[in-house]
Amino acid sequence: MSQYQPIDCNYYDLLEALATKRQYIRIHYFSEYHEFCTSDAIIKDLYIKDGYEYMLLSDGNKVRLDRLISTDGKIVPGKGFDGISCECD
């Protein structure tokens with residue numbers, strides 16, 4: 001795995017709040033193979049394994065947090081994604 005870069009603390013707080021709501025949200029992220037992925041799912045859990053932070057989704061996907069692009073329409077700050085749109089409907 002590539003070197004882990006922790007996400008912004010305020011954004012982590014947002015993820016915790018979304019997990020608490022137990023509602024379906026749209027999540028954009030890069031897979032371990034650098035593929036652009038979209039999931040409409042509930043955040044089931046946030047956890048740390050082997051020094052990496054992950055999000056477990058209700059669709060079974062596990063997303064490393066430093067690979068997130070956006071959750072619930074909110075772009076991850078500080079990752080250079082500002083000014084892009086992930087909505088390709």
(Q) Between D66 (side chain only) and P6 (backbone N and O only), is there a donor and an acceptor less than 3.5 Å apart? (A) no
Q) Is there a side-chain contact between V63 and L57 (heavy atoms, below 4.5 Å)? A) yes
Q: Taking side chain to side chain donor-acceptor pair (under 3.5 Å) as the test, write out the residues that go with D59, two or more places apart.
A: S39, N61
Q | Any side-chain donor near an acceptor of the partner, Y29 and S70, under 3.5 Å | A | no
Q: Find out if a path of hydrophobic residues (ILVMFWY) with successive side-chain heavy-atom gaps under 4.5 Å connects Y47 to L15.
A: yes
Q) What's the shortest heavy-atom distance between Q3 and R64, and which atoms? A) O-NH2, 3.8 Å
Q | Common cluster, V76/L56, ILVMFWY with side-chain heavy-atom separation under 4.5 Å | A | yes
(Q) Tell me the closest heavy-atom pair linking D8 and N10, and the distance in Å. (A) OD2-N, 3.0 Å
Q.
Is the shortest side-chain heavy-atom distance between Q23 and L18 below 4.5 Å?
A. no
Q: Report yes if some heavy atom in the side chain of E32 is under 4.5 Å from a heavy atom in the side chain of R67; otherwise report no.
A: yes
Q) Does Y12 have any side chain to side chain contact (heavy atoms under 4.5 Å, CB included) partners at least two apart in sequence or in another chain, and if so, which? A) I7, E16, L46, E53, L65
Q: Measure the acute angle between the ring planes of H28 and F36, then classify it against the limits of 30° and 60° as parallel, tilted or perpendicular.
A: parallel
Q. What distance separates R26 CZ from D72 CG, expressed to the nearest 0.5 Å?
A. 10.5 Å
Q. How far apart are the closest heavy atoms of I27 and M55, and which atoms are they?
A. CG2-CE, 4.1 Å
Q | Aromatic plane relationship, Y4 with Y52 - under 30° parallel, 30 to 60° tilted, over 60° perpendicular | A | perpendicular
Q. Can you name the residues that form a side chain to side chain contact (heavy atoms under 4.5 Å, CB included) with S31, not counting sequence neighbours?
A. Y33, E35, C37
Q | Side-chain heavy-atom pair L14, K74 within 4.5 angstrom cut-off | A | yes
(Q) Using side-chain heavy atoms (C-beta onward) and a distance below 4.5 Å, is F30 in contact with I69? (A) yes
**Q.** Nearest-0.5 Å distance that lies between atom CG in D45 and atom OG in S58
**A.** 12.5 Å
